[in-house]
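A short worksheet on the structure shown next.
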2 protein chains.
Amino acid sequence: MKILLIEDEPDLRKSIKQYLHQEGYVVESASDFIKALEKTMVYEYDCILVDITLPNGSGLDIIKQLKQQHSKAGIIIISAKNSSDDKIIGLDIGADDYLAKPFNLAELNSRIKALIRRRNFDGNKAIVVNEINIIPEERTVKVNNEQVMLTAKEYDLLLFFITNKNRVVSKNSIAEHLWGDDSDQMDNHDFIYVHLRNLRKKLAEKGCRDYIQMIYGIGYNFKVNV
Amino acid sequence: MKILLIEDEPDLRKSIKQYLHQEGYVVESASDFIKALEKTMVYEYDCILVDITLPNGSGLDIIKQLKQQHSKAGIIIISAKNSSDDKIIGLDIGADDYLAKPFNLAELNSRIKALIRRRNFDGNKAIVVNEINIIPEERTVKVNNEQVMLTAKEYDLLLFFITNKNRVVSKNSIAEHLWGDDSDQMDNHDFIYVHLRNLRKKLAEKGCRDYIQMIYGIGYNFKVNV
DNA sequence: TATCATATGAAAATTCTGCTGATAGAAGAC
DNA sequence: GTCTTCTATCAGCAGAATTTTCATATGATA
């Protein structure tokens, strides 16, 4: 379950991101209009949270763009403005729900769940890829019905790969995921190597073939025959 | 985005050059008054950085000359002298900004960016030449919307050609660009041939016609019908 | 034709990337 | 507090990619 959060205020962005991450979602974030569009051009999301009071370009424009891109993502508007105008316009141009600041994080979560339920996504159900079975709600992984004990980083890594399966992910995007916004241009990717090695090892121990293919100079690709 | 750096101290010249090159600019340099004027007579630059404490002839004279040449380049003064006199004189005769030594390279970059923004150049945006699309910030190249994987040297070569399109460039100037000051009088141009071949090959593979015309005994011309 | 400049092919030298093992520090359990 | 587990960091290595070098072929010019 992959969520994109578009929010310019760093503190709020961080805390929402962290909370949703805890709840078992794969969360990416963008701080402005441009960066958000860059992401939506490349990746598919199940749900997009938009703060419509963004610096360059209104959040409403993003929604229009997404609809033009035929994105399948559900859209929830976040806004400080409590005017019903914005709400109506937002829902009018295709947003699915509206949440006024300040809001409760639990409230946000239930809205997301409701949205996902409405769209008949399988919510927080298990993710199954061949012999691998992930239950996001419990943060547990099974291979051939045997539980694999993964550390937090290993689990995050695996979930990130699987939500981006058959798509090349750069080491930078991995770092951004596992270590947050502040590690945008990290020069040192050693820790990725280490956690990746541990993950591979644990999966292999349970008889899981190496799905994670290295692409030299670029990143990795979790390859599954579709 | 093409920058001329006029600075006599070799170490400083080298480090500034290297930094700006990393930031995606095409950088040329001159160590004194005469060499600088030779370059500005022939080439157009978007921005010129002048150290006004040069050996033969003050940097201030260069600025006057440039103004007489009706150069379109923005001018940023670099100086160890902190006297406001110099600063005022410099800005008076047409410089656009002033930076006192020692300065931070990031500071220099942001001054350049600000200058470019003020002049409504499109900064580090994509460079588009027919079917070729270059994004300097990412050092990526697309042909007919397909990414072309270029090595560092190939990329530098292409960018150099394109910033000098429809103008004959000598092999020496290519060498100076790709291998720095110290390779002024290189007798051996073999590596240019090699990298040029590889570049041509990769572009051709993506269906890009050969823009790079050889001029016997002189150099090359990246030809685009204007 | 003779000479030099450019192009091409292949291979050596160099640099860069990713992987591994070991280890120390950080966080958490007891 | 101690012990355990997880995470971060480092040095060294092997293989891959890039860059340089060299030999040779082709082409241009006088």
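Below, read A as the first sequence line, B as the second, and so on, with proteins coming before strands; counting in each chain starts at 1. Model, not experiment: these values are computed from the prediction.
Under the 3.5 Å distance criterion, with hydrogens and angles disregarded, no donor-acceptor pair is assigned to the side chains of Gln213(B) and Asn221(B). Using modelled atom types and a 3.5 Å distance limit, the side chains of Asp46(A) and Tyr25(A) yield no donor-acceptor pair.
Residue-level contact check: Lys201(A) touches neither bases nor backbone, having no heavy atom under 4.0 Å from any strand.
Here Asp156(B) pairs with His21(B), Arg139(B) under the side-chain hydrogen bond (donor to acceptor under 3.5 Å, both in side chains) rule; sequence neighbours left out. Here Thr140(A) pairs with Ile135(A), Glu138(A), Gln147(A) under the side chain to side chain contact (heavy atoms under 4.5 Å, CB included) rule; sequence neighbours left out.
Side-chain atoms of Met214(A) lie closest to dG18(C) of the nucleotides dT20(D), dT20(C), dG18(C). Among dG9(C), dA8(D), dC19(C), the nucleotide with an atom closest to any side-chain atom of Val194(A) is dA8(D). The Phe191(B) side chain lies nearest to dT20(D) when the options are dT6(C), dT20(D), dT20(C).
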Anything under 3.5 Å between a protein N or O and an N or O of nucleotides 28-30 of chain C, put it in a table, one pair a line.
none

Report, one pair per line, the protein and nucleotides 16-19 of chain D atoms (nitrogen or oxygen only) whose separation is under 3.5 Å.
| residue | atom | partner | partner atom | Å |
| --- | --- | --- | --- | --- |
| dT19(D) | OP1 | Lys153(B) | N | 3.3 |
| dT19(D) | OP2 | Thr151(B) | OG1 | 2.5 |

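The pair Lys39(B)-Glu176(B) counts as a salt bridge, with a side-chain nitrogen and a carboxylate oxygen less than 4.0 angstrom apart. Salt bridge Lys2(A)/Glu44(A): absent, no basic N to carboxylate O contact under 4.0 Å. Look at Arg13(A) and Glu9(A) and you find no salt bridge, because none of the NZ, NE, NH1 or NH2 atoms lies under 4.0 Å from a carboxylate O. Salt-bridge formation is detected for the pair Arg111(A)/Glu107(A): a Lys NZ or Arg NE/NH1/NH2 atom is positioned less than 4.0 Å from an Asp or Glu carboxylate oxygen.
Here the P atom of nucleotide dT6(C) and the CZ atom of Arg200(B) are 11 Å apart, to the nearest Å. For the pair Leu157(A) CG and dC19(C) C1', the computed distance is 15 Å after rounding to whole Å. Rounded to whole angstrom, the span from the OH atom of Tyr220(B) across to the C1' atom of dA28(D) amounts to 13 Å. The nearest whole Å value for the distance from the CZ atom in Arg197(B) to the P atom in dT24(D) is 16 Å. When the C1' atom of dA8(D) is taken as reference, atom NE2 of His189(A) falls 14 Å away, rounded to whole Å. Remark: P of dA7(C) and CG of Leu199(B) are 12 Å apart, rounded to the nearest angstrom. Between the CG atom of Asp190(B) and the P atom of dA7(C) there is a distance of 12 Å, rounded to whole Å. Per the geometry, CD1 belonging to Ile192(B) stands 15 Å off P belonging to dT8(C), to the nearest Å.
The side chain of Lys171(A) places no N or O atom within less than 4.0 Å of a non-bridging phosphate oxygen (OP1 or OP2) of dT17(C). Residue Tyr193(A) places no side-chain N or O under 4.0 Å from the OP1 or OP2 atom of dC19(C).
In this structure, Asp210(B) contributes its side chain and Ile212(B) its backbone to a donor-acceptor pair below 3.5 Å.
Taking both residues in full, the closest heavy atoms of Ala73(A) and Cys47(A) are given as CB-N, 4.1 Å, listed atom of the first, atom of the second, then distance. Heavy atoms only, all atoms of each residue included: Ile127(B) and Pro136(B) are closest at CD1-CG, 4.0 Å.
Pairs passing the ring-ring contact (aromatic ring centres under 6.0 Å, His included) check and including a residue from residues 203-222 of chain B, sequence neighbours excluded, read Tyr211(B)-Phe222(B).
Fit an axis to the five pairs at each end of the helix from dT1(C)-dA30(D) to dC30(C)-dG1(D) and the two axes sit 30° apart, to the nearest 10 degrees.
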